[in-house]
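Comments concern the structure below.
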Number of protein chains: 2
Amino acid sequence: MDAALRAIADDSRRTMLEALASGPATAGELAALLPIARPGVSRHLRVLREAGLVEVRQEAQRRVYSLRPQPLAEVDDWLTRHLAMWEHRLDALHTEIARGTRARKDTP
Amino acid sequence: MDAALRAIADDSRRTMLEALASGPATAGELAALLPIARPGVSRHLRVLREAGLVEVRQEAQRRVYSLRPQPLAEVDDWLTRHLAMWEHRLDALHTEIARGTRARKDTP
DNA sequence: CTCTTGTGTACCCCAACAGTTACGTACCCG
DNA sequence: CGGGTACGTAACTGTTGGGGTACACAAGAG
């Protein structure tokens, strides 16, 4: 999950994922719509592959990449769960404060 | 949203956020439970503050940081929306493939 | 067996960043 | 007014990571 999170923290890689969302594409096609050269794209694809976010299918000389959203679903799960906890915690704090912040000084 | 995503891609900063989830804490307290020195923590806090993930309240000489989950909620939204789209897209591709991948060769 | 195409890898460069120590600053206490 | 405390910032350093160029390599085309 950590790898996936770090992977999507990069702009270029997010763009590549969004492109792959419209269907599988070869490395060259992905490179065509990015402002960076092919080798750079190749390296980005390696990161995405190692994070489990894409998978490759060798088709003659072409390497066709396709999306694999599972790891992102895990990230989403993690975020959703933690957000729920945190927001709940914050609500509790706010009502506690509303009931009187003075209590703080009584418990150093 | 981008800033928040980059911010939580870092291990130390995620740890700090999780600590803050149990209630506000001072910079020193946060530094105490991390393996890095206070100045480093201070800079991490700056990143989190600029991403809108925490807010500060000056209390005498102490600076009390508290969680502000809104930006994370935006990240979660983004992820959820895109995941829904992508998984839907993948399902469509799979059924299309099930119906016969031969069609591919007919439309070069 | 060459030649071209499509990709990945090796190597180098540079910018960004995490971490450190040293220092400045604001605040309460006496 | 000192003096200690809790921070942040400045300056420096080592490491990481993205970018490019040059090259290696597999596979179909001829």
Side-chain angles (χ1 to χ4, degrees), chain A residues 2-20 23-68 101-102 104-108, chain B residues 2-20 23-68 104-105 108:
Chain A
D2 225 69
L5 190 50
R6 262 189 287 273
I8 64 171
D10 182 274
D11 248 0
S12 303
R13 288 194 287 257
R14 267 207 311 281
T15 304
M16 294 168 67
L17 289 180
E18 293 183 356
L20 286 177
T26 68
E29 287 166 357
L30 290 172
L33 46 84
L34 279 174
I36 59 185
R38 267 112 51 187
V41 173
S42 221
R43 267 177 293 126
H44 279 308
L45 284 170
R46 182 143 86 114
V47 174
L48 292 175
R49 203 183 334 127
E50 287 173 355
L53 286 164
V54 300
E55 58 186 3
V56 205
R57 170 171 41 105
Q58 187 100 26
E59 197 170 275
Q61 333 62 333
R62 292 179 186 76
R63 306 201 89 207
V64 183
Y65 286 84
S66 41
L67 198 57
R68 244 203 64 193
T101 317
R102 297 164 297 110
R104 275 272 187 68
K105 295 177 181 170
D106 300 349
T107 59
Chain B
D2 226 68
L5 191 50
R6 263 189 288 271
I8 64 171
D10 183 273
D11 250 359
S12 303
R13 288 193 288 255
R14 266 207 312 279
T15 304
M16 295 168 66
L17 289 180
E18 293 183 358
L20 286 177
T26 68
E29 289 166 355
L30 290 173
L33 47 84
L34 278 175
I36 58 186
R38 266 119 44 184
V41 174
S42 219
R43 278 191 306 107
H44 278 308
L45 283 170
R46 183 144 84 114
V47 173
L48 292 174
R49 202 179 339 124
E50 286 174 355
L53 286 164
V54 301
E55 58 185 3
V56 204
R57 170 172 40 107
Q58 187 100 27
E59 197 169 273
Q61 348 43 342
R62 292 179 186 75
R63 306 199 88 206
V64 183
Y65 286 85
S66 40
L67 198 58
R68 244 203 64 194
R104 277 270 189 70
K105 298 177 180 169

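Lettering of chains follows the sequences in order, A, B, ..., and the numbering in each one begins at 1.
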In whole angstrom, what separates B:R62's CZ from D:dC7's C1'? 11 Å
Whether B:T26 contacts D:dA6 is assessed here as follows: a side-chain N or O lying under 4.0 Å from the phosphate OP1 or OP2. Is that the case? no
When rounded to the nearest 0.5 Å, the distance separating CD of B:Q61 from CD of B:E59 is 10.0 Å
Distance, nearest 0.5 Å, that separates CG of A:L48 from CG of A:L20: 8.0 Å
Dump the pairs, protein N or O against N or O of nucleotides 18-21 of chain C, anything under 3.5 Å, distances to one decimal.
unit_1: C:dA18; atom_1: OP1; unit_2: B:R13; atom_2: NH1; d: 3.1
unit_1: C:dG19; atom_1: OP2; unit_2: B:H44; atom_2: NE2; d: 2.7
unit_1: C:dG19; atom_1: N7; unit_2: B:R43; atom_2: NH2; d: 2.2
unit_1: C:dT20; atom_1: OP2; unit_2: B:A37; atom_2: N; d: 2.7

Taking OP1 and OP2 of D:dG17, is either one under 4.0 Å from a side-chain nitrogen or oxygen of A:R6? no
Between A:D2 and A:R6, is the side-chain contact (heavy atoms from CB on, under 4.5 Å) condition met? List the steps. CA-CA 6 Å; A:D2 225 69; A:R6 262 189 287 273; 2.6 Å; yes
Side-chain donor-acceptor contacts of residues 35-42 of chain B below 3.5 Å, not counting sequence neighbours, with atom names and distances?
none

Is there a side-chain polar atom (N or O) of B:Y65 under 4.0 Å from OP1 or OP2 of D:dC7? no
Interatomic distance where CG belongs to A:D11 and P belongs to D:dG17 [whole Å]: 17 Å
For the OH atom of B:Y65 and the CG atom of B:L30, what is their distance to the nearest 0.5 Å? 8.5 Å
Output a table of nitrogen or oxygen pairs between the protein and nucleotides 23-28 of chain C separated by less than 3.5 Å.
none

CG (B:L45) and CG (B:L53) are apart, to the nearest 0.5 Å, by 11.0 Å
Taking CG from B:L30 and P from D:dA6, how many angstroms apart are they, rounded to a whole number? 14 Å
Can you measure from CE (A:M16) to CG (A:L34) and round to the nearest 0.5 angstrom? 6.0 Å
Using a strict cut-off of less than 4.0 Å between a Lys/Arg side-chain nitrogen and an Asp/Glu carboxylate oxygen, indicate whether B:E18 and B:R14 qualify as a salt bridge. no
Starting at CZ of A:R63 and ending at C1' of D:dA27, how long is that distance when rounded to a whole Å? 13 Å
Distance in angstrom units between A:L48 CG and C:dG8 C1', rounded: 15 Å
Expressed in angstrom and rounded to an integer, what is the separation of A:E50 atom CD from C:dG8 atom C1'? 13 Å
Round to a whole Å and report the spacing from CZ of A:R57 to C1' of D:dA27. 17 Å
Measure from CG on A:L34 to P on C:dT7 and round the result to the nearest Å. 14 Å
Tell me whether the count of non-hydrogen atoms from other residues, nucleotides or ligands lying under 6.0 Å of CZ in A:R49 goes above 12. yes
